[in-house]
Chemist: 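Sharing a structure here in structure tokens format.
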There are 2 protein chains.
Amino acid sequence: MPEAFPGRLAPECCPALLGAPLGEEQAVELARVFKALGDPVRLRLLSMIASRSGGEVCVCDLTPAFDLSQPTISHHLKLLREAGLIASERRGTWVYYRLLPAMTDRLAALLARPAAQRADVSTEEAS
Amino acid sequence: MPEAFPGRLAPECCPALLGAPLGEEQAVELARVFKALGDPVRLRLLSMIASRSGGEVCVCDLTPAFDLSQPTISHHLKLLREAGLIASERRGTWVYYRLLPAMTDRLAALLARPAAQRADVSTEEAS
DNA sequence: ACTTTAGATAGACAAACATCGATGCAATCG
DNA sequence: CGATTGCATCGATGTTTGTCTATCTAAAGT
């Protein structure tokens, strides 16, 4: 059961989605991470974990925040974990999750415009 | 056919996924955008569009870059368009796509760590 | 007006996904 | 030890998604 891809996402530093055409290989790996973010429940879970002051959240605090069964929450946490976005640790009876900021940092860098292409945002329309 | 959500994604400036627990409403809207990014083909399409120097790409240049049928590519472009990530314009026989940087900017800001929580990245492990 | 070419839409279908209830495993508490 | 509690895994099920072929529309050429 491959748990994320330990440190292998970006062979070079910054694939820069917006700066150069993405290779097929990298696209597959990146898509897996974005897919993990493509669900409202997982987004809220990640947000709850990331915004917790101590840096950690007990699953027992996450589960009751949703109108979903415990196995469903567990499944979503597993997907976030396999995407490399969070990590878990058991301490006694409870399991604690925490953010792995390396991955979110990477995504943020990937989506950031290279300064060259940046212009006044107000010149962008909608349709 | 609601074409993206024109400017309505972030009622306040920066929902800051990593800074405060995300509301259910915002999570649903955001998840739709991330889901659009959660496919290798769409990631490569977006990358090809965004990295083109002129800022525009003809569909006729995109389609032959994949081992997929023309309708499939058209379908992926539609999803990216509905997510608010790209826009299209017809000029004569051809249709040109371009990036809407407002959306990628927003995602990048959303995934960026609030400076408060930022620490040395080298202290992050994998599992 | 026909023909041709670029691209979008429609409908079908298999694979992937979100969810559930039932069960399993690990740790704590009587 | 047996019971209980926290969480993960399993198997089933309805929905969504990626892909295709066939067809449609729009523009341009002859």
Side-chain angles (χ1 to χ4, degrees), chain A residues 1-4 24 27-46 48-49 56-83 85-98 127, chain B residues 1-4 24 27-46 48-49 56-83 85-98 127:
Chain A
M1 233 121 290
E3 185 86 354
E24 187 163 356
V28 170
E29 296 179 347
L30 269 177
R32 203 179 341 181
V33 183
F34 281 121
K35 194 178 299 183
L37 296 175
D39 180 276
V41 175
R42 288 195 291 271
L43 271 184
R44 288 179 61 203
L45 282 169
L46 185 71
M48 291 172 73
I49 294 170
E56 285 186 333
V57 191
C58 176
V59 175
C60 61
D61 287 336
L62 296 172
T63 305
F66 296 85
D67 243 10
L68 295 170
S69 71
Q70 174 266 317
T72 297
I73 299 298
S74 189
H75 173 242
H76 285 305
L77 289 170
K78 181 184 184 178
L79 292 187
L80 288 172
R81 191 163 19 97
E82 288 176 349
L85 286 160
I86 58 177
S88 65
E89 181 191 354
R90 168 163 227 137
R91 280 208 302 278
T93 309
W94 295 280
V95 174
Y96 295 87
Y97 277 86
R98 69 180 189 285
S127 165
Chain B
M1 234 121 289
E3 185 86 351
E24 188 164 355
V28 170
E29 296 179 347
L30 268 178
R32 204 183 334 185
V33 183
F34 280 120
K35 194 177 300 182
L37 295 175
D39 180 276
V41 175
R42 289 195 291 271
L43 270 185
R44 288 178 62 204
L45 282 169
L46 185 71
M48 292 172 72
I49 294 170
E56 284 187 334
V57 191
C58 176
V59 175
C60 61
D61 286 337
L62 296 173
T63 305
F66 296 84
D67 243 10
L68 294 170
S69 71
Q70 173 266 318
T72 297
I73 298 299
S74 188
H75 174 241
H76 285 305
L77 288 171
K78 181 185 185 176
L79 291 188
L80 288 172
R81 191 162 21 95
E82 288 176 347
L85 287 160
I86 59 177
S88 64
E89 181 191 353
R90 167 162 226 138
R91 280 205 303 277
T93 308
W94 295 281
V95 174
Y96 295 86
Y97 276 87
R98 71 180 187 284
S127 168

Chemist: Do R81(A) and K78(A) have side chains that get closer than 4.5 Å, going by heavy atoms?
Modeler: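 Yes, side chains in contact.
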Chemist: Do H76(A) and T72(A) make a side-chain contact, defined as non-hydrogen atoms from C-beta onward lying under 4.5 Å apart?
Modeler: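 With C-beta onward as the side chain, the pair touches.
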Chemist: How many Å lie between CZ on F34(B) and P on dC17(C), as a whole number?
Modeler: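 Computing the F34(B):CZ to dC17(C):P distance gives 18 Å.
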Chemist: Of the nucleotides dT9(D), dG7(C), dT19(C), which one has an atom closest to the side chain of K78(A)?
Modeler: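 Nearest nucleotide to the side chain: dT9(D).
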Chemist: Tell me if the side-chain of Q70(B) makes a donor-acceptor pair with the base of dA8(C), cut-off 3.5 Å, by modelled atom types.
Modeler: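 Answer is yes: a donor-acceptor pair is held.
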Chemist: If I take atom CZ in residue F66(A) and atom P in nucleotide dT19(C), what distance separates them, rounded to the nearest angstrom?
Modeler: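 So the CZ-P distance, F66(A) to dT19(C), works out to 10 Å.
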Chemist: Is R42(A) touching bases, backbone alone, or none of the nucleic acid, heavy atoms closer than 4.0 Å?
Modeler: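 R42(A): backbone/sugar contact only, no base atoms under 4.0 Å.
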Chemist: Can you figure out which of dG6(D), dT19(D), dG18(D) approaches the side chain of L79(B) most closely?
Modeler: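 When the side chain of L79(B) is considered, dG18(D) is the closest of dG6(D), dT19(D), dG18(D).
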Chemist: Rounded to whole Å, please give me the gap between NZ in K35(B) and C1' in dA16(C).
Modeler: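 Rounding to the nearest Å, NZ of K35(B) and C1' of dA16(C) are 12 Å apart.
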Chemist: In whole angstrom, give the distance that lies between atom CZ of R91(A) and atom P of dT28(C).
Modeler: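 Going from CZ in R91(A) over to P in dT28(C) covers 12 Å.
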Chemist: Quick one: does R42(B)'s side chain get under 4.5 Å of F34(A)'s, heavy atoms only?
Modeler: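 Sidechains of F34(A) and R42(B): no contact.
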Chemist: Would you kindly give the CG-to-C1' distance between L80(B) and dA8(C), to the nearest whole Å?
Modeler: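 Distance, rounded to whole Å: 15 Å.
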Chemist: Among the candidates dT19(C), dG18(D), dA27(C), find the nucleotide nearest to the side-chain atoms of H76(B).
Modeler: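 Ranking dT19(C), dG18(D), dA27(C) by closest atom to the H76(B) side chain puts dG18(D) first.
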Chemist: For the side chain of R90(A), counting heavy atoms from C-beta on, which of dA27(C), dT9(C), dA27(D) is nearest?
Modeler: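 Nearest nucleotide to the side chain: dA27(C).
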Chemist: Among dA18(C), dC17(C), dT19(D), which nucleotide has an atom closest to any side-chain atom of T72(B)?
Modeler: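 Between dA18(C), dC17(C), dT19(D), the one nearest the side chain of T72(B) would be dT19(D).
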Chemist: Return the 5'-most residue of the pair P71(B), C60(A) with respect to DNA chain D, ranking by each residue's nearest nucleotide.
Modeler: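 That would be C60(A).
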Chemist: Of the listed nucleotides (dG18(D), dG21(C), dT9(D)), which one gets closest to any side-chain atom of S69(A)?
Modeler: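 Of the options given, the side chain of S69(A) lies nearest dG21(C).
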Chemist: Expressed in angstrom and rounded to an integer, what is the separation of D39(B) atom CG from dA16(C) atom P?
Modeler: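 After rounding, the reported distance stands at 13 Å.
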Chemist: Between L68(B) and Y96(A), which residue's closest nucleotide on DNA chain D lies nearer the 5′ terminus?
Modeler: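 Looking at the nearest nucleotide for each, Y96(A) comes out on the 5' side.
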Chemist: For Y97(B), report the nucleic acid contact type (base, sugar-phosphate, nothing); a contact means any heavy atom under 4.0 Å.
Modeler: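 Sugar-phosphate, backbone atoms only, no base.
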Chemist: Of H75(A) and T93(A), whose closest DNA chain C nucleotide lies nearer the 5' terminus?
Modeler: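 Between the two, 5'-proximity favours H75(A).
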Chemist: Are more than 12 heavy atoms from other residues, nucleotides or ligands located less than 6.0 Å from atom CD of E24(B)?
Modeler: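 Atom CD in E24(B) is not crowded, with 12 or fewer foreign heavy atoms closer than 6.0 Å.
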Chemist: Under 6.0 Å from the ring centre and within 45 degrees of the ring axis: does the NZ or CZ of R91(B) meet both conditions for the six-membered ring of Y96(B)?
Modeler: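 So R91(B) does make the cation-pi contact.
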Chemist: Is the side chain of T63(B) donor-acceptor paired with the backbone N or O of V59(B) at a distance under 3.5 Å, no angle test?
Modeler: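 Yes, T63(B) side chain to V59(B) backbone: donor-acceptor pair under 3.5 Å.
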Chemist: Please report the distance, rounded to the nearest Å, between CD1 in I73(A) and C1' in dA8(D).
Modeler: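 Distance check: I73(A) CD1 to dA8(D) C1' gives 13 Å.
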Chemist: For L77(B) and dA8(C), give me the distance from atom CG to atom C1', rounded to whole Å.
Modeler: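 Distance check: L77(B) CG to dA8(C) C1' gives 11 Å.
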Chemist: Kindly point out which of dA18(C), dG7(C), dT9(D) is positioned nearest to the side chain of W94(B)?
Modeler: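 Nucleotide nearest to W94(B)'s side chain: dG7(C).
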